[in-house]
Asks: 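Dropping the structure in here first, questions after.
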Amino acid sequence: MRSSLKNSGRLTAVLLGSALGLAACGSDHDRSPAAAAPPPAAAAPPAAVETSVPASAGSSVAAYLAYLRGLKTDETSAPVSIGGFVAPVDDTAAATALGS
Amino acid sequence: MKFNRSIPRRTLMAGTGITLAAATAFAFASSHREGPFIAMQPTVDATDLYMFRSYESGRQEYVTVIANYIPFQDPQGGPNFYQFNPNALYEVHFDNNGDAKSDVTFQFRFKNTSKATALAIGDKQVKIPLIYSNQIEGVNPAALNVRETYTLDMVRGDSRTGTRASVTNMAGGAVEFDKPIDNVGDKTFKSGTGYQTYANQHIYDVAIPGCGNGRVFVGQRKEPFYIAVGKIFDLFNLNPLGSETAGNNNDLEFKNVSSLAMEVPIACLTAGADPVIGAYTTASLRQGILVNPAPVSGLGNASVNGGAWTQVSRLGMPLVNEVVIGLEDKDRFNASKPQDDAANFADYVTNPVLPALIETLFPAAKAPTNFPRTDLLTAFLTGIDGVNKPQNVMASEMMRLNTSIPPTAIGAQNPLGVAAGDNAGFPNGRRPADDVVDVSVRVAMGALCVLTGEADALKVGCKPSDAPAGGLALTDGVRKNASAFDGAFPYLTTPLPGSFN
């Protein structure tokens, strides 16, 4: 059970990381004529800037840690608001390895 | 088994022209701010662990354990003074079968509750900026604006997944205990003895599940650890063969500390026929801490804390993470478990840096030449055979106490402990007055190789000729004896008042 939670957390982290990575690809190259060629309907909508902690981050410890790991160092943005967010806790699990 | 001097002081002092690089590895303050990460987290920074058979009259069948946290407290540190972290888990672990894993764990968790005390200012009620509003007397008086309470759980088996039960107050069965506010000053507690009376009201007789009764106290105490820490930081700017008792000032004499003190029946901690127990304390934080940019009014709203408990501080024997573990592995040590010590940190013990540094500072004090340093493996990782070594032991760093050795009466204790023939003292556990600085430096320089003799009576794997400086009475010049402390639980003395001027 715990293992599957960890795995799902890793999957979430990977997906979130991928999404952020894709969002970060919006460079000047995208504004070139070649980049403008695809029809508008096929273009992904710009990623919304999060202004508060998403409710999904509170669904499990794994989701919460994945959210935290997805936060990027940012010198210009305002911090996200906490609102009524409650962080999930687990008194029996081991801490999640972060790797190097 | 006494240490003696064999090298002239003048000769030893000849080597004070040392390199800064050699000296920067020193960080002698038992475990105060010893690691890069924990130095930034004072509320969860374990400073010292004490464990001994109770020497209070009538309590000899108990073990007293004191875990100190929050280092270098200036007594006047208001207005919040020093509170345990309500988002942390503080633990004292016991291994009673030598397998380097926790078999019994006591877990402290804290809660701060605001009474939102307000004063009528004009036509408005305005909240006060202090944690108390008037003089303090008794447990949780109305004048206390922030009530600090704690729970204490006992876990048998794995610290996280084992069987958990609450320690309860013998008077009424409550599971929540009040912690006294720190010693703000004599006026706040109505007299020079007011704080002592107040604090003593927070010593609880408790029922420990499956163990009978014991006692618990959590609160501020006068810092018991003593050391010439300033001179040691200053490139060991002292005479290591000077007076053992009056050579230097105790730089912690005017500091306080926060204690988790328990008195537990011996039988509660031991298992089977082995009287030796190992102990260490840890503090953990939730793995995910998210800072709130707009906390709402109230306490505990400045961050949200989620995830599993994640260990950030670890302490068993004094001085290990200070002068044994290398700087770059100190955070790693604080997050580690004893069962992994041999794989993670063995080189620091078998091939220690400290003796070489001491030789660099004082060339006449030659470092031991026996490698691997099996004598240090004994001192730090297994215990001494016939004294405090478990019947079966996996090498791991923790404080070990042979509970079958009777306690020494307060007036007969020797601060040099086992080395001076007082087997109820350090390194067989640790009492408040034990001079762990002098003993540890001497052991690092090979004292056990000298004490064991040519026949290796202590089975430490070395001989006197391996340790040319092993017989020196090395000292930082600071010494206390047991009379400087109380003779009854919680043994550590009343903290210094904030308004001492």
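The shown structure was predicted, so the numbers you read here are calculated from the model rather than taken from an experiment. Numbers restart at 1 for each chain; the letters A, B, ... are given by sequence-line order, proteins then strands.
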Asks: Between Tyr90(B) and Phe84(B), is the ring centroid distance below 6.0 Å?
Replies: yes
Asks: Out of the candidates Thr43(B), Thr47(B), Thr281(B), only one should pair with Tyr69(B) under the side-chain hydrogen bond (donor to acceptor under 3.5 Å, both in side chains) rule; please name it.
Replies: Thr281(B)
Asks: With a 4.5 angstrom heavy-atom cut-off, which part of Ile289(B) approaches chain A: side chain, backbone, both or neither?
Replies: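 Only the backbone of Ile289(B) comes within 4.5 Å of chain A.
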Asks: Answer yes or no: is there a donor N or O on one side and an acceptor on the other, between the side chain of Glu397(B) and the main chain of Tyr280(B), under 3.5 Å?
Replies: no
Asks: Below 4.5 Å from any heavy atom of chain B, which atoms of Val80(A) appear? Answer side chain, backbone, both or neither.
Replies: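 The backbone, not the side chain.
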Asks: Using a heavy-atom distance cut-off of less than 4.5 Å, which residues of residues 303-314 of chain B contact chain A?
Replies: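 At a heavy-atom separation under 4.5 Å, chain A is reached by Val304(B), Asn305(B), Gly306(B), Gly307(B), Ala308(B), Trp309(B), Thr310(B).
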Asks: Is Val61(A) close to chain B through its backbone or its side chain, or both, or neither, when contacts mean heavy atoms under 4.5 Å?
Replies: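 Only the side chain of Val61(A) comes within 4.5 Å of chain B.
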Asks: Would you mind reporting whether Ile208(B) and Phe106(B) have side-chain heavy atoms less than 4.5 Å apart?
Replies: yes
Asks: Using a strict cut-off of less than 4.0 Å between a Lys/Arg side-chain nitrogen and an Asp/Glu carboxylate oxygen, indicate whether Arg286(B) and Asp91(A) qualify as a salt bridge.
Replies: yes
Asks: List in chain and number order the residues that pass side-chain contact (heavy atoms from CB on, under 4.5 Å) with Val175(B), two or more places apart in sequence or in another chain; answer none if no residue qualifies.
Replies: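 Counting only residues at least two positions away or on another chain, Val175(B) forms a side-chain contact (heavy atoms from CB on, under 4.5 Å) with Ser166(B), Thr168(B).
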Asks: Are Arg147(B) and Asp178(B) within salt-bridge range, i.e. N to O under 4.0 Å?
Replies: yes
Asks: Between Ser114(B) and Asn112(B), is there a side-chain donor-acceptor contact under 3.5 Å, judged purely by atom types and distance?
Replies: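 Their side chains do not contain a donor-acceptor pair, so the 3.5 Å distance test is not met.
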Asks: Does any heavy atom of chain A fall under 4.5 Å from the side chain of Val291(B), the backbone, both, or neither of them?
Replies: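 Backbone only.
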